[in-house]
Amino acid sequence: MYKEEELANFYGVLQNTQEFLEIDCGCTNPRYGDTPGKLRIYVEGKLEIDCTCRDDCTKGKYIFYVIVNISPIEFAKHAGRTNAHNNWKSQIWVFRHDGHKLALWKTCLLKYYTHTFQRPLRQVTHRDEFVRCSQCGKDRRFSVRSKEACRIYHNALVNNNWECSDMPNHSLMCNDAEERRSRKVCRGCPRDPKCEGCEKCVCFGCDECRFDDCSCQTCVQYIINL
């Protein structure tokens with residue numbers, strides 16, 4: 001799978017077959033120290049880690065996607081690292097041939113890695129959205145956590161004359177203050193509160209936010225492609 005000259009730069013290579021490479025790895029928490037593990041890199045791009053922090057560690061058998069054993073993200077979180085979704089490539093390390101630690105992103109070990117986040121079946125996540133009032137020009141927040149809330153936001157989005165007073169229950173008026181800019185960046189993403197849009201919080205169409213009784217192009221296109 002890897003050439004001998006590539007692996008010569010690493011210490012702790014356990015197996016190197018045509019299907020996968022297994023190598024010692026770890027993740028360091030500045031407060032609690034190192035959490036050791038065994039990283040397996042498969043030729044089809046999947047990564048798995050067996051946690052070896054202790055013999056009875058339950059994180060060695062964790063179901064993630066379809067294969068047992070944990071993902072790099074779960075391993076980094078298990079080691080106590082924050083923001084592992086974004087930083088696991090720099091938080092997880094392997095040993096160089098001289099015994100020093102080297103972050104994964106600095107190595108050739110990720111050249112087969114192709115897996116990105118896949119939303120679990122029937123799990124839909126919609127982040128908060130904004131619509132601008134046609135009268136006062138202020139951005140108003142819509143929390144789209146249910147089908148009813150999605151429809152309210154959808155109707156406001158396709159209405160070019162939408163006003164603050166059209167908000168359900170008349171909870172807002174044009175003379176009400178607009179949200180601060182620093183507050184607007186927090187939109188309810190489960191990965192990062194200040195996310196600018198990622199595959200975990202942006203939905204491109206689902207049964208909850210597309211409607212068969214709506215004649216807008218977005219809904220019609222979605223229904224046709226079902």
Side-chain angles (χ1 to χ4, degrees), residues 1-121 123 125 127 185-186 189-202:
M1 182 173 169
Y2 286 92
K3 298 179 181 179
E4 290 186 8
E5 51 268 29
E6 291 178 309
L7 299 181
N9 297 321
F10 303 106
Y11 173 78
V13 176
L14 303 173
Q15 294 187 68
N16 182 30
T17 70
Q18 293 298 321
E19 292 78 27
F20 68 91
L21 168 74
E22 187 174 58
I23 185 172
D24 286 332
C25 70
C27 185
T28 302
N29 183 302
R31 184 174 183 179
Y32 301 110
D34 294 348
T35 298
K38 295 179 181 179
L39 169 66
R40 280 188 301 280
I41 304 167
Y42 291 87
V43 69
E44 67 267 24
K46 183 171 73 270
L47 303 182
E48 296 176 356
I49 296 179
D50 281 345
C51 179
T52 58
C53 63
R54 62 181 189 272
D55 292 338
D56 61 342
C57 178
T58 58
K59 285 293 182 179
K61 294 293 180 183
Y62 183 93
I63 298 176
F64 192 80
Y65 299 138
V66 296
I67 306 296
V68 295
N69 303 321
I70 58 175
S71 72
I73 293 174
E74 289 294 328
F75 178 69
K77 291 169 63 177
H78 177 54
R81 299 305 302 264
T82 59
N83 203 15
H85 278 291
N86 297 324
N87 298 332
W88 64 268
K89 294 179 184 179
S90 60
Q91 294 170 345
I92 298 175
W93 44 259
V94 293
F95 289 110
R96 294 192 319 193
H97 66 280
D98 58 4
H100 287 83
K101 299 170 184 175
L102 187 64
L104 278 182
W105 73 271
K106 294 182 178 180
T107 72
C108 63
L109 299 178
L110 296 179
K111 69 178 183 179
Y112 293 102
Y113 179 72
T114 58
H115 285 210
T116 56
F117 173 80
Q118 296 180 2
R119 194 186 305 277
L121 184 64
Q123 176 185 326
T125 302
R127 67 175 184 171
V185 299
C186 299
C189 174
R191 172 180 291 183
D192 181 0
K194 297 184 179 181
C195 172
E196 295 181 358
C198 68
E199 64 270 28
K200 271 205 165 182
C201 69
V202 176

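Atom set for the values below is all heavy atoms of this structure, side chains included, hydrogens, waters and symmetry mates excluded. Keep in mind the model is a prediction, meaning the values are calculated, not measured.
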- Shortest non-hydrogen contact between V94 and C25, atoms and distance: CG1-CB, 4.1 Å
- Note on the structure: When every non-hydrogen atom of A103 is compared with those of S90, the smallest separation belongs to CB-O, 3.8 Å
- Correct closest heavy-atom pair for A76 and W88 would be CB-CB, 4.4 Å
- Query: Going by heavy atoms in the side chains, are P72 and I49 under 4.5 Å from each other?
  - Reply: yes
- Query: Do you know which two heavy atoms are closest between A84 and I73, and how far apart they sit?
  - Reply: CB-O, 3.7 Å
- Item | F95 vs K101 side-chain heavy atoms within contact, under 4.5 Å | yes
- Query: From T107 OG1 over to E6 CD, what is the distance, rounded to the nearest 0.5 angstrom?
  - Reply: 10.0 Å
- Message: How long is the straight-line distance from NZ of K3 back to CD of E5, given to the nearest 0.5 Å?
- Response: 6.0 Å
- OH (Y11) and CG (D24) are apart, to the nearest 0.5 Å, by 7.5 Å
- Message: Are more than 12 heavy atoms, taken from residues, nucleotides or ligands other than K106, located less than 6.0 Å from that residue's NZ atom?
- Response: no
- Is there side-chain contact between Y2 and V13, with at least one heavy-atom pair below 4.5 Å? no
- Query: Does any non-hydrogen side-chain atom of D50 lie less than 4.5 Å from one of R40?
  - Reply: yes
- Query: Counting only heavy atoms not in E4, do more than 12 sit closer than 6.0 Å to its CD atom?
  - Reply: no
- Task: To the nearest 0.5 Å, tell me how far W105 CH2 sits from I92 CD1.
- Result: 15.0 Å
- Message: In the structure I gave you, are the side-chain heavy atoms of L21 and Y112 within less than 4.5 Å of one another anywhere?
- Response: no
- Query: Take atom CZ in F20; do more than 12 heavy atoms of anything else shown fall under 6.0 Å from it?
  - Reply: yes
- Applying side-chain contact (heavy atoms from CB on, under 4.5 Å), run through F75 and L39 and close with a yes or a no. CA-CA 10 Å; F75 178 69; L39 169 66; over 6 Å; no
- Message: With a 4.5 Å cut-off on side-chain heavy atoms, are L102 and N9 touching?
- Response: no
- Note on the structure: Distance col, row L109:CG vs I23:CD1, nearest 0.5 angstrom, shows 5.5 Å
- Query: Would you say L47 and L110 make side-chain contact, with heavy atoms under 4.5 Å?
  - Reply: yes
- Value rounded to 0.5 Å, distance of CD in E22 from CD1 in I41: 10.5 Å
- Quick one: closest heavy-atom pair of C27 and Q91, and the distance? SG-O, 3.5 Å
